[in-house]
Amino acid sequence: MPRVQANAFVEWFEANSTAFVSGLINIVIIVVVALVLRAIVGRVVDQLARRMVNSRERIDKAKTRAASRVVKQSEESRGERQRQRAGTIASVLKSVASFVIFGIAFVTILGQFGINIGPIIASAGVLGLAIGFGAQSLVQDFLSGMFMMVEDQYGVGDVIDVGDAVGTVEAVTLRITKIRDLNGGLWHVRNGEIMRVCNMNQDWANAVVELPLDYTVNLDQAKAVIQRSIDEFADNPEFAPKIIERPNISGVVGIGNGAVTVRVMVTTQPGDQWAMGRELRGHLKGSLDAAGVRVAYPLLPAAGPGAAQSG
């Protein structure tokens, strides 16, 4: 009996050896082609990521040369941010490419075993369609996150305003953005819900200081005092590295309530506008006091007819 089974196996192998070897060779070829294709796609994605970083650096340098001011922000930190962003995008693209390539290879290998892959493909299509309808918000979050990274709308460490949440970005993923507000609260904002972004830490920033001077002050003399003060501030070695453009007097921006409001602006490194604004206000306060320039006080409302009688 065992000899009969052995002969049957030998006969089956002889009859199907050609198909077996051919199928095995096809499977090896499919695996090799998938691996080679995955490696090629990975190289292409890495090349595109490097080109994206290099082109961005060339654009930034061209903007710096063309600008009338010299932007003194750290080129190393900006380059590192570009490399991190490109690395994240490249990682996501390579993961998607791997999933697609190896998925197709797996289905093709099943076909080599004689399995009908038609129902599998149809089921996968229906399942993908169902997932697409059921997870629309998730897909929207991922697509929005991808575009945010590609367009470099913001990054970790930037101070942004996305509507309800205003604060410092602590983490950026393809699905959510984590923002730490001024009170220490951590906001988890879905990328698909971010309709507009105000980035306060990109390229440069302005510190705006408004001085409400007394209405009786000689405006020309007051401007001369303010100009000397802001020149001293700009020449201070402590503040000069953070200043891109020297402070300037924009002019009178308001008259009312017993005050003439003069605006002073200084262009600073991104993120330094708030600290520079505080320092500049303190410096101007000291200069105005030393020169005897009066700052306006709010006018009190006039007392009613019965105020004196009640007193």
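If you chain together ILVMFWY residues whose side-chain heavy atoms come under 4.5 Å of each other, Met200 ends up grouped with Val159, Val166, Trp274. Using a 4.5 Å cut-off between side-chain heavy atoms of Ile, Leu, Val, Met, Phe, Trp and Tyr, Met265 falls into a hydrophobic cluster with Val208.
Distance alone, capped at 3.5 Å, places no donor-acceptor pair between the Asp158 side chain and the Ile160 backbone. A donor-acceptor contact shorter than 3.5 Å is absent between the side chain of Asn257 and the backbone of Ala259. Distance alone, capped at 3.5 Å, places no donor-acceptor pair between the His283 side chain and the Ile230 backbone. Put simply, the side chain of Arg281 gets close to the backbone of Gly277: a donor and an acceptor are under 3.5 Å apart. A donor-acceptor pair is defined here as one N or O able to donate and one able to accept, closer than 3.5 Å; no such pair exists between the side chain of Ser229 and the backbone of Val225.
Across all their heavy atoms, Asn201 and Asn199 have their closest contact at N-OD1, 2.9 Å. Residues Gln273 and Gly271 come closest through the heavy atom pair OE1-N, 2.9 Å. Taking all atoms of both residues into account, the shortest heavy-atom contact from Val217 to Ala222 is CG1-CB, 3.7 Å. In terms of heavy atoms, Asp141 sits closest to Asn191 at O-CB, 3.5 Å. For the pair Asp161 and Arg196, the tightest heavy-atom approach, listed with the atom from each and the gap, is O-NH1, 3.5 Å. Taking both residues in full, the closest heavy atoms of Leu213 and Ala296 are given as O-CB, 3.5 Å, listed atom of the first, atom of the second, then distance.
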Note to self: If you apply the rule side chain to side chain contact (heavy atoms under 4.5 Å, CB included), what do you find for Trp187 with Asp164, and how did you get there?
What the structure shows: CA-CA 9 Å; Trp187 292 71; Asp164 293 332; 4.0 Å; yes

Notebook entry, point to check: Yes or no on side chain to side chain contact (heavy atoms under 4.5 Å, CB included) for Ser250 and Asn248, after CA distance, side-chain angles and deciding distance?
Noted result: CA-CA 6 Å; Ser250 300; Asn248 65 85; 3.9 Å; yes

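Looking only at side-chain heavy atoms (C-beta outward), Leu284 and Phe233 stay at 4.5 Å or farther from each other. Side-chain atoms of Asn206 and Glu245, non-hydrogen and from C-beta on, never get closer than 4.5 Å to each other. Considering only heavy atoms from C-beta on, Gln269 comes within 4.5 Å of Ile244 through its side chain. Considering only heavy atoms from C-beta on, Leu37 stays 4.5 Å or farther from Phe102 through its side chain. Side chains of Ile194 and Met148 form a contact here, defined as non-hydrogen atoms less than 4.5 Å apart. Counting heavy atoms from C-beta on, the side chains of Ile179 and Tyr154 never come closer than 4.5 Å. Here the side chains of Val209 and Val266 are not in contact, with every heavy-atom distance at 4.5 Å or above.
Summarising the geometry, atom CD1 belonging to Ile109 is positioned 12.0 Å from atom CD1 belonging to Ile104; distances are rounded to the nearest 0.5 Å.
When hydrophobic clusters are built by joining Ile, Leu, Val, Met, Phe, Trp and Tyr residues whose side-chain heavy atoms come closer than 4.5 Å, directly or via intermediates, Leu219 is grouped together with Val295. Residue Leu186 is not grouped with residue Val162 when hydrophobic side chains (ILVMFWY) are merged at heavy-atom distances under 4.5 angstrom, including chains of intermediate members. Under the 4.5 Å side-chain heavy-atom criterion for grouping Ile, Leu, Val, Met, Phe, Trp and Tyr, Met195 is not connected to Ile176 through any hydrophobic cluster.
Side-chain polar atoms of Gln227 and Asp231 form a donor-acceptor pair below 3.5 angstrom.
Using a cutoff of 4.0 Å between basic side-chain nitrogens and carboxylate oxygens, Glu170 and Arg180 are scored as salt-bridged.
Checked against side-chain contact (heavy atoms from CB on, under 4.5 Å), Ile40 has the following partners two or more places apart in sequence or in another chain: Val36, Val44.
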